[in-house]
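The sequence lines fix the lettering, A, B, ..., with proteins before strands; numbering per chain opens at 1.
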2 protein chains.
Amino acid sequence: MSGRIDQIFAALADPTRRAILAMLLEDDMAVTDVAEPLPISLAGVSKHLGVLAAAGLISRERRGRVIWCKLEPDALREVSVWLQAFGQVEPVELDAFERFLAAELEAAREALAEAEAEVQAGDATDAPP
Amino acid sequence: MSGRIDQIFAALADPTRRAILAMLLEDDMAVTDVAEPLPISLAGVSKHLGVLAAAGLISRERRGRVIWCKLEPDALREVSVWLQAFGQVEPVELDAFERFLAAELEAAREALAEAEAEVQAGDATDAPP
DNA sequence: TCCGTTCAAAACCAAAAGGTTGCGCACGCG
DNA sequence: CGCGTGCGCAACCTTTTGGTTTTGAACGGA
């Protein structure tokens, strides 16, 4: 076992999962609400949440019928520690914060929507703008 | 495409590849020298190096017959930026540096050696120098 | 000039990952 | 009480990944 860092990096390697983390950064969410903007099935989202939870990146708590997902930032600190071992991780200007956040979410949505369209495309115009 | 961050995280998700990065942190190395301590074939290592290079985490330069591998820390800065978007990445005490580095390398070696031993099971005639 | 070293690419294979559908199990609202 | 809602689990399919062995190309030294 190489510890949990394996699972953490593997979890972060998927754009859908990173998009989920970005959503949870804004606020805690129910599973259904997490799944709503994503172009995959609810069960698929549930699997992603399982991966994220196994990596310690989120936690899930049942309240009534609804399961609330919460970002668990401590796991990300492990990545931070790992990064530090490789030297220059000087903080970037905080402007990057919002820019990145929006970009990440929108990119994920666009990419997945594209993939979705591609499947249904058949012979549609192969040249997107 | 969600940019190169996908490839970076995917590349970092493998312990063998992280061990390679840790080696290259100490110094630039030839492919053969990278492969030497690892319990997989040279071709396997070459593939891992290909993944790391595709992610921008290392660069390879041919000098004579030998290809020298060099850590490319700029790619890791992308991870750092991503991490920053998720808040608390306050620097950890630098003591963690050496501890982690040794642990990472040794853990990777042990885990892989274990797997190797598991495959060969009862055959103990293996006497590495 | 020929040979050994150094490495990547190709052709495979087993296993894991990402996705789907369908089922079942709790819950709380009528 | 019963039914719809919210969610996880299991079975299945396809693609990717990590590994192997084999082949062969580029380069230097003798």
Q. Can you give one letter per nucleotide of nucleotides 20-30 of chain C, going 5' to 3': B for a protein heavy atom under 4.0 Å from the base, S for sugar-phosphate only, - for none?
A. BB-----BS--

Q: Take the protein atom CZ of A:Phe9 and the nucleotide atom P of C:dA16, then report the distance between them rounded to whole Å.
A: 21 Å

Q. Do the non-hydrogen side-chain atoms of B:Leu24 and B:Trp68 ever get within less than 4.5 Å of each other?
A. no

Q) Which atoms form the tightest heavy-atom contact between A:Ala55 and A:Ala75, and what is the distance? A) O-CB, 4.1 Å

Q: Return the minimal non-hydrogen interatomic distance between B:Gly56 and B:Arg4, and the atom names on each side.
A: N-CD, 4.5 Å

Q | Earlier contact from the 5' end, DNA chain C, for B:Trp68 and A:Ala10 | A | B:Trp68

(Q) Within the structure provided, determine whether B:Asp28 and B:Cys69 are in side-chain contact (heavy-atom separation under 4.5 Å). (A) no

Q.
Can you measure B:Gln7 atom CD to D:dT16 atom P for me and round it to whole angstrom units?
A. 13 Å

Q: Specify the separation, in whole Å, of atom CZ of B:Arg60 and atom P of C:dT6.
A: 17 Å

Q) Starting at CG of A:Asp14 and ending at P of D:dT15, how long is that distance when rounded to a whole Å? A) 17 Å

Q. Which one of A:Ile20, A:Ile58, A:Ile67 satisfies the side-chain contact (heavy atoms from CB on, under 4.5 Å) criterion with A:Val34?
A. A:Ile20

(Q) Can you measure B:Asp33 atom CG to C:dT5 atom P for me and round it to whole angstrom units? (A) 15 Å

Q.
Rounding to an integer number of Å, can you tell me how far A:Glu36 CD sits from D:dG6 P?
A. 12 Å

**Q.** Value rounded to 0.5 Å, distance of CZ in B:Arg77 from CG in B:Leu83
**A.** 14.0 Å

Q: Take atom CD1 of A:Ile20 and atom P of C:dG18, then tell me their distance rounded to the nearest Å.
A: 11 Å

Q. For B:Leu49 and D:dG18, what is the distance between atoms CG and P respectively, to the nearest whole Å?
A. 13 Å

